[in-house]
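What follows is a short report on a single structure.
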Amino acid sequence: MVAGRHAPRGVQGVRMGIRHWGAALLAGAMAAWTPAGAQTLTLAVAAAPTSVDPHYHNLGPNNALAMHIFGALVDTDAAAKPRPGLALSWRAVDDTTWEFKLRPGVTFHDGAAFTAEDVAYTIARVPTVKNSPGSFLLFTRSITGVQVVDPLTVRMTTRGVTPLLPVDLTQVHILPKGLGAEPATEDFNALKHANGAGPFRITAWRASDRAELARNDAYWGPKPHWERVVYRMIPNDSARTSALLAGDVDLIEAVPTQDLVKLRTDKRVAMAEAVSLRVAYLMLDLSRKDGQPFVQGPNGETLTTNPFQDVRVRRALSLAINRQLIVDRVMEGAAVPTGQFLAPGSFSYVADLEPPKQDLVEARRLLAEAGYPNGFRITLHGPNDRYVNDEKIIQAVGQMWSRAGIQTKVEAITWPSFIGRASKQEFSAFFAAWGITSGEASNPLRAMVATFDAQKGTGSANRSRYSNAALDAVIDRASSITDDAARERALIEATRQAMADVALITLYQQKNIWGMKPNLRYVARADEATRAADVSVAP
Amino acid sequence: MSATSHDAAPMPPKQETPFRRFVSEYSESPVAVASFVLVVLIVSIALLAPFISPQNPYDLAQLDIMDGRQPPGSKSLEGLTFWLGTDDQGRDMLSGIMYGLRISLGVGAGSAVIACVIGTALGLIAAFAGGKTDTGIMRLVDLQLSFPAILVALMILAFLGKGVMNVMLALVIVEWARFARTARSAALVEARREYMEAAQCLALPKWRLVFRHMLPNCMPPIIVIFTILVARSITLEATLSFLGLGVPITEPSLGLLIANGYQYMLSGKYWISFYPGIALLVTIMAINLVGDQMRDVLNPRLKR
């Protein structure tokens with residue numbers, strides 16, 4: 001028993017000396033010791049990372065795991081605002097050059113010092129990752145050159161004005177150049193290359209099951225409370241909740257909304273929640289001028305016009321929805337009603353833009369004014385396996401539209417089929433949600449409101465094909481201002497115009513909810529990531 | 001007492017038709033009779049659902065999310081009583097179960113009938129034609145039966161998409177093989193009987209030999225398989241809907257009702273899953289008991 005308790009310290013000592021041949025063996029020994037450790041945190045995440053390689057797949061679960069092991073130049077705080085990470089400060093030297101001052105005295109897990117060369121190496125490595133299902137090139141594409149000014153200063157030149165480069169770089173984890181040319185993703189998964197500057201080092205990896213982490217005592221930031229972390233992946237909602245209640249895990253993410261009411265009153269569980277950057281919305285097809293595949297007249301007759309081309313119809317459909325009721329009854333309070341992209345407190349939040357209140361009288365009046373006094377028939381589509389309560393939300397919206405005189409049918413289909421059809425404008429109306437990774441309105445405005453243009457890279461998620469040239473100009477101007485205050489003003493103006501024209505119907509922002517043992521505390525994050533370093537023991 | 005024995009004794013024995021003999025032998029088991037009554041009751045509820053259910057659970061305009069997840073016995077905003085509670089969309093569970101039975105029984109019985117017709121026809125043809133036709137059909141049956149039914153149904157639905165019609169099609173594809181095999185083995189026995197030789201001597205057309213003379217004599221085992229497969233179809237449909245591949249969400253069958261409530265089990269809202277589950281259990285058990293008794297009665301080897 002005593003020997004067992006002292007084992008890890010011995011292991012740590014040996015590790016320093018004979019790292020090369022002992023690593024696999026030691027990992028095994030440490031894994032076996034895990035349950036006995038007093039400072040072990042077992043947490044359960046809802047979705048499994050697909051790789052340990054931080055540049056392999058741009059996916060929330062992967063990036064969340066990477067935060068433990070690696071670390072980016074720019075970190076984000078719980079509200080998703082940028083804060084110093086491996087870079088201490090940054091500034092725009094001119095319109096197309098950014099300069100980053102790096103944090104001195106940082107070392108990687110293998111003891112190598114962190115310098116500007118590692119930044120250049122990382123930026124060059126991102127495009128070389130093979131078979132990436134979701135490339136990180138998205139974040140580094142605008143970089144045309146990286147200059148190492150001195151070991152702790154690096155300059156990046158960009159193609160055009162790129163005010164969001166520091167925000168983009170929060171997603172790019174830094175690797176040491178000692179990994180050599182083109183390190184293979186498989187070698188990361190085999191833990192050969194899993195060497196970063198993060199608060200933990202990874203000691204075991206079993207895909208779709210668990211990762212095991214050990215504290216990096218040389219970490220530059222605040223020392224995490226936990227010596228060891230068992231990072232389990234439990235995608236099934238009920239199983240995850242049960243594991244927490246049974247005491248198998250200490251903390252779970254994405255607490256299922258149907259269990260919220262019960263867990264909130266359960267003394268065995270403490271909760272932490274934060275409004276997320278994920279906004280749920282409805283889109284109405286505007287790609288057609290004459291008729292709609294899933295809209296008919298009130299008696300089933302074929303329409304020769306597209307009712308959604310009339311802003312009054314779009315506004316009526318928005319006013320028919322009781323957002324508060326959806327939040328209370330379907331989401332169990334795990335969301336906040338909204339009439340814009342971001343939650344209060346975010347950069348470019350429009351303070352005086354209230355979520356629309358349900359007004360059936362006004363909705364009917366607008367419909368009659370637009371020439372649909374008896375409403376119409378519509379089928380609302382949505383996924384049934386992608387977002388929290390997705391198929392329940394569309395049924396609730398269906399109820400509310402039916403009450404406003406729009407006879408609504410709903411159809412929920414699996415995500416791969418749904419997104420394929422939505423992207424081909426096969427639906428008349430659909431429900432989806434959008435994660436605003438940058439934490440400011442330029443991202444949803446450019447992706448969902450700006451006119452679809454593959455070459456320009458705008459409207460990538462504009463599946464309604466909404467197109468408004470005047471608004472495009474406002475968005476273009478707003479997203480190329482480097483000065484934060486001026487950009488925020490311009491983004492607020494663009495958001496206001498987009499919402500007034502009902503480019504899309506935003507419904508609510510989801511909340512991220514964590515459940516944990518009552519003696520633990522977690523700093524709930526807007527970006528859905530579960531960070532073991534942010535879990536502490538209650539005083 | 002004496003009157004009955006007095007009356008019964010001199011009564012001339014009723015004319016023994018196969019049907020009467022079947023009824024009297026079937027009625028020997030009180031459990032089987034009770035099950036039969038239950039099946040009749042369940043079928044009538046399913047047929048009459050639109051007239052007797054308190055609410056149309058498939059009409060979104062009649063549902064109010066404010067009534068969601070109410071426990072059994074609570075009242076709606078409009079004064080309707082939810083005897084079995086409501087689900088998350090404010091759907092009355094009692095109405096939901098009545099309409100759900102309609103879909104479950106409709107899909108189960110419908111697919112079994114179609115599978116029965118197709119399977120029996122192919123089985124008879126195989127038995128009568130023999131040779132390459134027989135080998136062809138029966139290898140297809142073997143192939144079909146070598147895959148688990150649920151796997152085949154899942155693949156078909158993944159390919160075709162959701163919908164009541166697609167579920168029925170999947171169930172027919174899964175089940176015809178059993179009818180074909182049963183019909184063929186029964187027909188092979190019948191083909192050597194004297195009445196068939198006699199019919200052949202009359203040079204009757206082949207279709208008449210098969211369908212008028214052979215088929216009626218092959219019916220007993222097919223009827224037994226039919227009742228068992230109806231119950232199995234209902235279970236399969238419930239499984240598929242539970243997995244989210246069956247019927248659409250706004251028109252839930254029993255399996256989908258159970259799936260909707262299953263997420264709330266940990267929260268103590270048992271009624272959303274529990275009552276549809278009971279309804280499914282009772283339905284399948286009753287049909288199976290009826291099927292079992294039929295097998296006992298119709299199987300000549302079990303004759304006393």
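Just so it is clear: chains get the letters A, B, ... in the order the sequence lines come, proteins before strands, and each one is counted from 1. Scope of the values below: all heavy atoms of this structure, side chains included, with no hydrogens, waters or symmetry mates.
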Item to complete: Give the intermediate values and the outcome of side-chain contact (heavy atoms from CB on, under 4.5 Å) for residues A:Leu325 and B:Met66.
Response: CA-CA 8 Å; A:Leu325 196 56; B:Met66 287 297 283; 2.9 Å; yes
Response to the item:
Bottom line for A:Gln399: the part with an atom under 4.5 Å from chain B's heavy atoms is both
Worksheet entry | Per-residue contact mode, B:Asp59 against chain A (heavy atom under 4.5 angstrom) | neither
Worksheet item: Any side-chain heavy-atom pair from B:Lys269 and A:Lys262 closer than 4.5 angstrom?
Response: no
Item to complete: In sequence, state the C-alpha distance, the side-chain angles, and the governing distance for A:Gln395 and B:Arg91, and then conclude on side-chain contact (heavy atoms from CB on, under 4.5 Å).
Response: CA-CA 11 Å; A:Gln395 287 185 75; B:Arg91 194 176 279 123; 3.1 Å; yes
Discussion item. Can you confirm whether more than 12 heavy atoms, excluding those of B:Tyr262, are under 6.0 Å from its OH atom?
Written reply: no
Practice prompt. Go through A:Lys409 and B:Glu251 one step at a time and tell me if the salt bridge (Lys or Arg N to Asp or Glu O under 4.0 Å) criterion holds.
Written response: CA-CA 10 Å; A:Lys409 285 203 290 186; B:Glu251 295 175 11; over 6 Å; no
Item to complete: Can you measure from OG1 (A:Thr414) to NZ (B:Lys162) and round to the nearest 0.5 angstrom?
Response: 8.5 Å
Worksheet item: What part of A:Asp237 is in contact with chain B, defined as an atom under 4.5 angstrom from a non-hydrogen atom: side chain, backbone, both or neither?
Response: neither
Practice prompt. Would you indicate whether B:Met155, at its atom CE, is surrounded by more than 12 heavy atoms from other residues, nucleotides or ligands within a distance under 6.0 Å?
Written response: yes
Worksheet item: Residues two or more places apart in sequence or in another chain: which of them pass salt bridge (charged side-chain N to carboxylate O under 4.0 Å, His left out) with A:Arg463?
Response: none
Worksheet item: If you take all heavy atoms of B:Ile65 and A:Ala396, which pair is closest and at what distance?
Response: CD1-CB, 3.3 Å
Fill in: Considering all heavy atoms, the nearest B:Leu60-A:Arg403 contact
O-NH2, 4.4 Å
Discussion item. Can you tell me which portion of B:Met265 sits under 4.5 Å from chain A's heavy atoms? Options are side chain, backbone, both or neither.
Written reply: neither
Fill in: For the student: nearest non-hydrogen atoms of A:Ala412 and B:Ile249, plus distance
CB-CD1, 3.7 Å
Practice prompt. Taking atom types as modelled, find out whether A:Arg329 and B:Gln89 have a side-chain donor-acceptor pair closer than 3.5 angstrom.
Written response: no
